[in-house]
Amino acid sequence: MASFEADINQRIWQVVAAIPRGRVSTYGEIARRAGMPGAARRAGAALKALHGQTRIPWHRVLNASGRISLPPGSSAALTQRQRLEDEGVAFKPNGSVDMKQFAWDSEV
DNA sequence: GTACTGACCAGAT
DNA sequence: CATCTGGCCAGTA
């Protein structure tokens, strides 16, 4: 049996890939859907492992506050915001996204 | 093996 | 709003 760790990453990426365009989710939600409730950090580690080279829509994942969890001003953070706005996800002046409106599991 | 860190989270102060 | 605390799991030194 191969270690489950590698499969866990695949699981996480699969969940992220399932986020509809124009919607966002959180690390906690991703972890929960991947079968590891409470392991939000694991989700972050899995996305970091992609290091940008992937077709997985990692930019649709925000932290529980609805904010980009990457260093402000960093290349990755700017790319994430750019791609989300391009998909129709709006950022408030304070730099957060309205989860009530754009969360994957949320209805308008 | 231990210790520290991190694209986290929720609750308390 | 800022700060701290405990919890979670994996990667790194």
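No experiment lies behind these values; they were computed from the predicted model shown. Quick note on labels: first sequence line is chain A, next is B, and so on, each numbered from 1.
- Here the side chain of A:Trp13 pairs a donor or acceptor atom with the backbone of A:Ala46 at under 3.5 angstrom.
- Atom CH2 in A:Trp13 sits roughly 17 Å away from atom P in B:dA7 (whole-Å rounding).
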Hey, what are the protein-to-nucleotides 9-13 of chain B N/O distances that come in under 3.5 Å?
residue: B:dC9; atom: OP1; partner: A:Ala64; partner atom: N; Å: 2.9
residue: B:dC9; atom: OP2; partner: A:Ala64; partner atom: N; Å: 2.8

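- In terms of position along DNA chain C, the nucleotide closest to A:Arg67 lies nearer the 5' end than the nucleotide closest to the other residue of the pair A:Ala45 and A:Arg67.
- Within a 6.0 Å sphere centred on CD of A:Gln14, other residues, nucleotides and ligands contribute 12 heavy atoms or fewer.
- With A:Arg23 contributing its side chain and A:Phe102 its backbone, the two residues share no donor-acceptor pair below 3.5 Å.
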Give the table of side-chain donor-acceptor pairs shorter than 3.5 Å for residues 27-37 of chain A, with sequence neighbours excluded, one pair per line with atom names and distance.
residue: A:Glu29; atom: OE1; partner: A:Arg32; partner atom: NH2; Å: 3.0
residue: A:Glu29; atom: OE2; partner: A:Arg32; partner atom: NE; Å: 3.1
residue: A:Arg33; atom: NH2; partner: A:Asp105; partner atom: OD1; Å: 2.5
residue: A:Arg33; atom: NH2; partner: A:Asp105; partner atom: OD2; Å: 2.3

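- When rounded to the nearest whole Å, the span between CD1 of A:Ile19 and P of B:dA7 equals 19 Å.
- The nearest whole Å value for the distance from the CZ atom in A:Arg42 to the C1' atom in C:dG7 is 17 Å.
- Atom CD1 of A:Ile8 is separated from atom C1' of C:dC8 by 14 Å (rounded to the nearest Å).
- Using a 4.0 Å heavy-atom cutoff across all strands shown, A:Ala39 reaches sugar-phosphate atoms only and no base atom.
- The CD1-P distance, from A:Ile12 to B:dG6, rounds to 19 Å in whole Å.
- Partner A:Glu85 forms a side-chain hydrogen bond (donor to acceptor under 3.5 Å, both in side chains) with one of A:Gln82, A:Arg81, A:Arg83 and no other, that one being A:Arg81.
- A:Leu50 places its CG atom 19 Å from the P atom of B:dG6, with the value rounded to the nearest Å.
- Atom name P, nucleotides B:dA7 and C:dG7: the rounded distance is 22 Å, in whole Å.
- For the pair A:Leu47 CG and C:dA10 C1', the computed distance is 14 Å after rounding to whole Å.
- In this view, A:Ala64 satisfies the side chain to side chain contact (heavy atoms under 4.5 Å, CB included) rule with no residue, not counting sequence neighbours.
- Not a single donor-acceptor pair under 3.5 Å links the side chain of A:Arg60 to the backbone N or O of A:Ala18.
- Atom CG of A:Asn9 is separated from atom C1' of C:dA10 by 9 Å (rounded to the nearest Å).
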